[in-house]
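Below is one structure, written out as structure tokens, with a few remarks after it.
Predicted, not measured: the structure shown is a model, and the values here were computed from it.
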Amino acid sequence: MTRKSVKTITSPDSVAYFTISSVLEVWATNSHAESKKVKFEVHAFDVEAGAVVDVTAEGIAGGKEVALAPNSTTELWKGQTPGIDDVHVDGLRSKPIVIQARLVDVDTGVVLARYCNWPEPFKYIHFPTKEQVNLKIVPTVASDGPLGSTSLTITVDRPIKGLILDVEGPWAKFSDQAIDMFPGDTQVVGVIGLEGREVKARYLGDGSA
């Protein structure tokens, strides 16, 4: 997925008249020898306003079924970035819209891939407070002991970038790190060696740096 600004000169007489559009492009790669049917979903969220951005106008609300060509890359969507209007002045700060794309198996409902695209540079984003994010990490113990396994169910109310999980004391091995979380998209991370300890979390903009 990529997001880029496209500048179009609107007057044949002067470069002073132009339109700057934010264009979003999404692709998916299928490395198998057969085509794969998936449900392609796009979600958008204004991280500062704390509001879901409607993607109905883009024709992708609720997701759509697509076929990924075998052993190749398939373009899934290209168009205006949801929630971001055209501007006619250079240097204007656009809305901090976070875009998430997911590929879901149409037969099992399993999420095959997910990706979040954040506006850059990050220094211009007013990140939400911890209370607004409402990060929840719920452990479920599968087996006990030093090598016992635990599943962590993670949810948020606002998007966060680069979630890092950690514990105090001896090592614990997590199945995933640097996670981009999105509201409504519960993620489960496995951990070995937790042994009942509290899981600590930090992420970009949480004020810990």
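Rounding to the nearest 0.5 Å gives a distance of 6.0 Å between CG of D85 and NZ of K95. Q177 contributes atom CD, which lies 7.5 Å from atom CG of L163 (distance to the nearest 0.5 angstrom). To the nearest 0.5 Å, atom OG1 of residue T155 and atom CZ of residue F182 are 14.5 Å apart. Here F18 contributes atom CZ and I9 contributes atom CD1; the two are 7.0 Å apart, rounded to the nearest 0.5 Å. Taking CG of L204 as the start and CG of D206 as the end, the distance is 8.0 Å to the nearest 0.5 Å.
For the pair S149 (side chain) and I192 (backbone), a donor-acceptor distance under 3.5 Å is absent. Under the 3.5 Å distance criterion, the side-chain polar atoms of T108 are matched with a main-chain donor or acceptor of V110. Counting only distance, with no hydrogens or angles, the side chain of E48 and the backbone of H126 share a donor-acceptor pair below 3.5 Å.
Around atom CD of E75, more than 12 heavy atoms belonging to other residues, nucleotides or ligands sit under 6.0 Å away. Counted within 6.0 Å of CZ on F122, heavy atoms from surrounding residues, nucleotides or ligands total more than 12; the atom is thus considered enclosed. By the 6.0 Å contact criterion, CZ on R3 is enclosed, its count of non-hydrogen atoms from other residues, nucleotides or ligands being greater than 12.
In this structure, I154 and M181 approach most closely via the heavy-atom pair O-CE, 3.4 Å. Nearest heavy atoms, I125 versus P119: CD1-O, 3.5 Å.
Every residue meeting the side chain to side chain contact (heavy atoms under 4.5 Å, CB included) condition with P170, not counting sequence neighbours, appears here in chain and number order: R197. Residues that satisfy the side-chain hydrogen bond (donor to acceptor under 3.5 Å, both in side chains) test with K173, not counting sequence neighbours, are absent from this structure. Residues meeting the side-chain hydrogen bond (donor to acceptor under 3.5 Å, both in side chains) test with N30, sequence neighbours left out: none. Among residues two or more places apart in sequence or in another chain, the side-chain hydrogen bond (donor to acceptor under 3.5 Å, both in side chains) test is passed with T73 by T29. Under the rule for a side chain to side chain contact (heavy atoms under 4.5 Å, CB included), the partners of D176 that lie at least two apart in sequence or sit in another chain are I179, V189.
When the side chains of ILVMFWY residues are joined at heavy-atom separations under 4.5 Å, either directly or via intervening members, V188 and V156 end up in two distinct hydrophobic clusters.
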Does the salt bridge (charged side-chain N to carboxylate O under 4.0 Å, His left out) test come out yes or no for K7 and D90, once each step is laid out?
-> CA-CA 10 Å; K7 188 174 185 178; D90 276 318; 3.2 Å; yes
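The pair K161-D180 meets the salt-bridge criterion, with a side-chain N (NZ, NE, NH1 or NH2) lying under 4.0 Å from an Asp/Glu carboxylate O.
Contact check for L152 versus F174: side-chain heavy atoms found under the 4.5 Å cut-off.
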Can you give me every donor-acceptor pair (side chain of residues 34-42, partner residue at least two apart or in another chain, under 3.5 Å) with its distance?
unit_1	atom_1	unit_2	atom_2	d
K36	NZ	D105	OD2	2.9
K39	NZ	G62	O	3.3
E41	OE1	H43	NE2	3.3
E41	OE1	R102	NE	3.0
E41	OE1	R102	NH2	3.0

